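Model, not experiment: these values are computed from the prediction.
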Amino acid sequence: MTASNEQPQSEQRRKGLAKMAEVYGFDLSDGPGDYFAHTADHLFGEVWTREGLTVRDRRLLLLGALAASGLDDVAEIQAGAALGNGELTPDQLREIALFLCYYIGWPLGTKLNFTFGKVIGNVEKNR
């Protein structure tokens with residue numbers, strides 16, 4: 001036990017937190033509970049760190065899945081991180097939304113386009 005009565009951080013947790021920081025573009029502190037443990041240790045420590053796909057590749061796949069599910073709140077987080085990390089440009093985000101309209105349906109694609117517009121506007125306003 002550490003002086004603060006917390007368990008020392010495992011290598012898997014450190015690996016997961018480092019990947020989360022890379023993906024989201026800001027440092028994340030350790031969190032409590034099983035949900036956070038699965039997110040940090042397994043999703044980010046194992047899945048996002050696998051070889052074969054880049055972070056950008058995984059982000060593109062995730063944006064498509066989020067758009068198809070209508071999860072614009074999470075897509076907003078991912079789009080902001082992609083812009084902040086230089087993985088995607090505003091024009092590429094707009095192109096993704098247009099492209100996905102044909103595969104996920106116009107209403108969901110339009111919703112994504114509005115979400116991306118909001119993210120792009122916030123980034124451009126804060127420059």
For Leu112 and Ala97, which heavy atoms make the closest approach, and how far apart are they?
-> CD2-CA, 4.0 Å

What's the verdict on side-chain contact (heavy atoms from CB on, under 4.5 Å) for Ile120 and Arg94, showing C-alpha distance, side-chain angles and the deciding distance?
-> CA-CA 9 Å; Ile120 293 165; Arg94 290 183 191 100; 3.4 Å; yes

Other residues, nucleotides, ligands: >12 heavy atoms within 6.0 Å of Tyr103 OH = no

So if you build clusters from Ile, Leu, Val, Met, Phe, Trp, Tyr with side-chain heavy-atom gaps below 4.5 Å, do Val119 and Leu100 land together?
-> yes

Identify, with sequence neighbours excluded, every residue that meets salt bridge (Lys or Arg N to Asp or Glu O under 4.0 Å) alongside Arg13.
-> Asp30, Asp41

Can you tell me how far the CD atom of Glu76 sits from the OG1 atom of Thr115, to the nearest 0.5 Å?
-> 6.5 Å

d(Arg127 CZ, Glu124 CD) to nearest 0.5 Å is 5.5 Å

Let me check something: any side-chain donor-acceptor pairs from residues 52-72 under 3.5 Å, sequence neighbours excluded? List them with distances.
unit_1 : atom_1 : unit_2 : atom_2 : d
Thr54  : OG1    : Arg56  : N      : 3.4
Thr54  : OG1    : Asp57  : N      : 2.9
Thr54  : OG1    : Asp57  : OD1    : 3.3
Thr54  : OG1    : Asp57  : OD2    : 3.2
Arg56  : NE     : Glu87  : O      : 2.8
Asp57  : OD2    : Thr54  : N      : 3.0
Arg58  : NH1    : Val47  : O      : 3.3
Arg58  : NH2    : Arg50  : O      : 2.7
Arg59  : NE     : Glu87  : OE1    : 2.6
Arg59  : NH1    : Val23  : O      : 3.3
Arg59  : NH1    : Gln78  : OE1    : 2.6
Arg59  : NH2    : Val23  : O      : 2.5
Arg59  : NH2    : Glu87  : OE1    : 3.0
Arg59  : NH2    : Glu87  : OE2    : 3.2
Ser69  : OG     : Ala65  : O      : 3.0
Asp72  : OD1    : Lys111 : NZ     : 3.4

Pair Asn85-Tyr24, side-chain contact (heavy atoms from CB on, under 4.5 Å): steps then yes or no | CA-CA 8 Å; Asn85 290 343; Tyr24 291 112; over 6 Å; no

Honestly curious: do Phe26 and Phe36 fall in one hydrophobic cluster under the side-chain, below-4.5 Å linking rule?
-> yes

Taking the side chain as every heavy atom from C-beta outward, state whether Pro90 and Leu83 have any pair of such atoms under 4.5 Å apart.
-> yes

Which atom of Ala40 lies closest to which atom of Leu17, heavy atoms considered = CB-CD2, 4.5 Å

Glu46 side chain near Lys15 side chain, heavy-atom distance below 4.5 Å = no

Measure the shortest side-chain to side-chain distance between Asn113 and Leu98 over non-hydrogen atoms and say whether it is less than 4.5 angstrom.
-> no

ILVMFWY cluster, Phe116 and Phe114 together (side-chain gap under 4.5 Å) | no

Exceeds 12 heavy-atom contacts within 6.0 angstrom, atom CG of Asp34 = no

Decide yes or no for Thr39 and Phe44: does some side-chain heavy atom of the first lie under 4.5 Å from some side-chain heavy atom of the second?
-> yes

Applying the 4.5 Å side-chain criterion to the ILVMFWY set and letting contacts propagate, would Ile104 and Val74 be lumped into a single cluster?
-> no

Joint hydrophobic cluster, Val123 plus Ile77, side-chain heavy atoms closer than 4.5 Å | no

Would you give the length of the straight line joining atom NZ of Lys19 to atom CG of Leu43, rounded to the nearest 0.5 angstrom?
-> 11.5 Å

